[in-house]
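The structure appears right after this line, and notes come after that.
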2 protein chains.
Amino acid sequence: MEKQQLITKLREKGFKVTPQRIDICRFILSSKEHPTADRVYQEMLRKHPTISIATVYQTLHLLNKIGLIEEMGSSVGISRYDPNTSPHINIICKNCGKIRDYEEESVRELWSQIITKLKVTPVGQHLEVYIYCDKCKELGT
Amino acid sequence: MEKQQLITKLREKGFKVTPQRIDICRFILSSKEHPTADRVYQEMLRKHPTISIATVYQTLHLLNKIGLIEEMGSSVGISRYDPNTSPHINIICKNCGKIRDYEEESVRELWSQIITKLKVTPVGQHLEVYIYCDKCKELGT
DNA sequence: AATTAGATTATAATGATTATTATTTAAGTA
DNA sequence: TACTTAAATAATAATCATTATAATCTAATT
């Protein structure tokens with residue numbers, strides 16, 4: 001998403017455009033690493049040394065509300081954020097928590113077949129497959 | 001799972017069989033409501049008035065470890081526990097958090113097609129579809 | 001009955017997230 | 001351009017699910 005497009009989107013949703021907000025949005029929207037709030041905060045500190053983590057949370061929540069990112073819960077009690085809101089599979093190591101995306105047209109097709117059977121109107125989805133990654137398997141978990 | 005079968009399973013995995021443990025296991029393993037740890041704790045208090053919530057957590061974790069239940073993370077920071085470990089869809093209200101299961105042979109079939117493409121060895125999965133349930137839609141979210 | 005490794009209880013500690021409040025600022029208006 | 005104000009930010013306190021700790025207690029073996 002272009003910077004100008006982002007600014008327009010924020011304004012049309014009634015949110016003010018601040019430097020902190022722009023940088024948080026740009027970072028998370030282009031991120032491939034499913035970062036935690038703290039990871040985003042650490043990144044922002046480089047450019048905004050006095051930024052508050054509350055600002056990071058507030059921005060992540062608003063992006064979630066307007067549908068630009070998905071909040072991924074986890075069993076260790078830390079949320080991660082994913083800018084990819086289309087149906088795709090997150091391959092997650094049950095040991096180290098590392099996430100890899102599997103994005104394929106065939107997944108979207110098969111998934112839409114499943115959804116059709118459900119007779120509901122989805123507003124999002126999380127498809128998570130748990131594995132033990134090569135690194136963790138080597139180390140014996 | 002029968003009581004005797006459960007006892008055997010616990011013993012063969014090297015765990016001691018205590019009254020608290022049996023009751024926690026029996027409750028969660030037959031539960032359809034994806035309870036939280038606190039929900040399990042409240043239920044156990046009826047029969048074991050001095051039970052500690054630490055015991056509940058310990059037992060839920062051991063059941064998860066031996067593969068009898070799945071821990072479901074959530075974005076509100078509370079885990080729920082599901083004794084249904086086969087591939088099925090959890091239909092979750094994004095507003096009130098209520099979970100409904102959708103369990104169909106066709107889901108398992110389509111899912112296994114997806115897994116085949118992944119070329120990984122899954123040790124579990126969570127398929128979550130987010131909706132707004134009828135009750136929450138009525139109340140205007 | 002004695003032994004002991006593991007379980008339980010009670011409670012303290014942890015840590016991610018949320019709430020609060022004073023201050024600052026974006027953005028509309030005169 | 002200066003004024004206004006509703007919203008955003010920063011700093012910090014509060015919350016609360018979960019985990020850690022330590023002192024009993026007990027299941028299961030000898």
Side-chain angles (χ1 to χ4, degrees), chain A residues 3-4 6-25 27-28 34-66 69 71-81 97, chain B residues 3-4 6-25 27-28 34-66 69 71-81 97:
Chain A
K3 187 171 177 178
Q4 195 50 56
L6 171 66
I7 291 175
T8 305
K9 183 99 181 182
L10 287 173
R11 289 230 176 88
E12 90 193 7
K13 295 284 183 182
F15 296 110
K16 288 188 176 170
V17 175
T18 67
Q20 295 92 330
R21 212 162 247 184
I22 290 177
D23 287 329
I24 294 167
C25 291
F27 178 72
I28 185 65
H34 313 81
T36 62
D38 191 65
R39 173 76 183 81
V40 177
Y41 175 59
Q42 296 303 329
E43 189 66 26
M44 290 305 109
L45 279 178
R46 299 167 62 173
K47 196 166 165 189
H48 304 274
T50 66
I51 198 170
S52 165
I53 192 149
T55 301
V56 173
Y57 276 107
Q58 209 212 343
T59 304
L60 291 173
H61 289 162
L62 89 79
L63 286 174
N64 181 239
K65 191 164 286 178
I66 67 180
I69 65 175
E71 182 173 359
M72 309 170 63
S74 86
S75 58
V76 293
I78 303 172
S79 284
R80 290 177 171 273
Y81 298 87
Chain B
K3 187 169 177 176
Q4 195 49 55
L6 171 65
I7 292 174
T8 305
K9 184 100 182 181
L10 287 174
R11 289 230 175 87
E12 92 193 7
K13 294 284 181 181
F15 296 109
K16 288 188 176 170
V17 176
T18 68
Q20 296 92 328
R21 213 161 245 185
I22 290 178
D23 287 329
I24 294 168
C25 290
F27 178 71
I28 186 64
H34 311 82
T36 61
D38 191 64
R39 173 75 183 83
V40 177
Y41 175 59
Q42 295 304 328
E43 188 66 28
M44 290 305 108
L45 279 178
R46 298 166 63 174
K47 195 166 166 189
H48 304 274
T50 67
I51 199 171
S52 163
I53 191 147
T55 301
V56 173
Y57 275 107
Q58 208 212 345
T59 303
L60 291 173
H61 290 161
L62 89 80
L63 286 174
N64 181 239
K65 191 163 286 178
I66 67 181
I69 64 176
E71 182 173 0
M72 309 170 62
S74 86
S75 58
V76 294
I78 303 171
S79 283
R80 291 177 170 272
Y81 298 86

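Chain naming here is simple, since letters A, B, ... match the order of the sequence lines and numbering starts at 1 in each. Every value quoted in this text rests on a predicted model; they were computed, and no experiment measured them.
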Completion exercise
Rounded to the nearest 0.5 Å, the CZ atom of B:Arg21 sits from the CG atom of B:Leu62 at a distance of 5.0 Å
Handout entry: Shortest non-hydrogen separation from B:Gly73 to B:Ser79 and the atoms involved
Key = CA-OG, 4.4 Å
All N/O pairs under 3.5 Å across the protein-nucleotides 13-15 of chain D interface:
none

Handout entry: Rounded distance (nearest 0.5 Å) linking atom CD of A:Gln4 with atom CD1 of A:Ile7
Key = 4.5 Å
Handout entry: Check against side chain to side chain donor-acceptor pair (under 3.5 Å), B:Gln20 and B:Thr55
Key = CA-CA 8 Å; B:Gln20 296 92 328; B:Thr55 301; over 6 Å; no
Practice task
Report the distance from atom OH of B:Tyr41 to atom P of C:dT8, rounded to the nearest whole Å.
Solution key: 14 Å
Handout entry: Distance, rounded to the nearest Å, where B:Arg80 contributes CZ and D:dA17 contributes P
Key = 12 Å
Exercise for the section: Compare side-chain N and O positions of A:Arg21 against OP1 and OP2 of D:dA7 and report whether any pair is under 4.0 Å apart. Expected result: no
Exercise for the section: Give, for atom CG of B:Asp23 and atom CD1 of B:Ile51, the distance between the pair rounded to the nearest 0.5 Å. Expected result: 8.0 Å
Practice task
Using heavy atoms and a sub-4.0 Å distance, could you list which residues of residues 44-56 of chain A are near DNA chain D? By number, please.
Solution key: A:Thr50, A:Ile51, A:Ser52, A:Ala54, A:Thr55
Practice task
Give the rounded distance in Å between these two atoms: CD1 of B:Ile22 and P of C:dT8.
Solution key: 10 Å
Handout entry: Euclidean distance, atom NE2 of residue A:His61 to atom P of D:dA8 [Å, nearest integer]
Key = 15 Å
Practice task
Could you tell me whether the phosphate oxygens of C:dA7, OP1 or OP2, come under 4.0 Å of any side-chain nitrogen or oxygen in B:Gln20?
Solution key: no
Completion exercise
CG of A:Leu6 to CD1 of A:Ile22, rounded to nearest 0.5 Å, is 6.5 Å
Exercise for the section: List the atom of B:Ala37, the atom of B:Val56, and the distance in Å for their closest heavy-atom pair. Expected result: O-CG1, 3.7 Å
Problem - salt bridge (Lys or Arg N to Asp or Glu O under 4.0 Å) against A:Arg39, all qualifying residues, sequence neighbours excluded - result: A:Glu33, A:Glu43
Completion exercise
Between A:Leu60 and A:Tyr81 the two heavy atoms that sit nearest each other are CD1-CE1, 3.6 Å
Might you list the N or O atoms of the protein lying below 3.5 Å from N or O atoms in nucleotides 26-30 of chain D, with each pair's distance?
unit_1	atom_1	unit_2	atom_2	d
D:dA27	O3'	B:Val17	O	3.4
D:dA27	N3	B:Lys16	NZ	3.3
D:dA28	OP1	B:Arg11	NE	2.9
D:dA28	OP1	B:Arg11	NH2	3.3
D:dA28	OP1	B:Val17	N	3.1
D:dA28	OP2	B:Arg11	NH2	3.1

Handout entry: Pairwise distance CG(B:Leu10) to OG1(B:Thr59) - rounded to 0.5 angstrom
Key = 8.5 Å
Handout entry: Rounded interatomic separation in angstrom, taking CG from B:Leu60 and C1' from D:dT18
Key = 12 Å
Practice task
Look at the side chain of B:Arg80 and the backbone N and O of B:Met72, then say whether any donor-acceptor pair between them is shorter than 3.5 Å.
Solution key: no
Handout entry: B:Tyr57 side, atom OH; B:Asn64 side, atom CG - distance, nearest 0.5 Å
Key = 13.5 Å
Exercise for the section: Give me the bend of the helix from C:dA1-D:dT30 to C:dA30-D:dT1, using the axes of the five pairs at each end, rounded to 10°. Expected result: 30°
Output a table of nitrogen or oxygen pairs between the protein and nucleotides 14-16 of chain C separated by less than 3.5 Å.
unit_1	atom_1	unit_2	atom_2	d
C:dA16	O3'	A:Gly77	O	3.4

Practice task
Could you check how far CG of A:Leu63 sits from P of D:dA8, rounded to whole Å?
Solution key: 13 Å
Exercise for the section: Take atom CD of B:Gln58 and atom P of D:dA20, then tell me their distance rounded to the nearest Å. Expected result: 12 Å
Problem - Side-chain touch B:Val40/B:Ile53, heavy atoms, less than 4.5 angstrom - result: no
Problem - Nearest non-hydrogen partners of A:Pro35 and A:Phe27, listed with the distance - result: CG-CE2, 4.4 Å
Practice task
Can you tell me the distance, in whole Å, between the NZ atom of A:Lys65 and the P atom of D:dA8?
Solution key: 11 Å
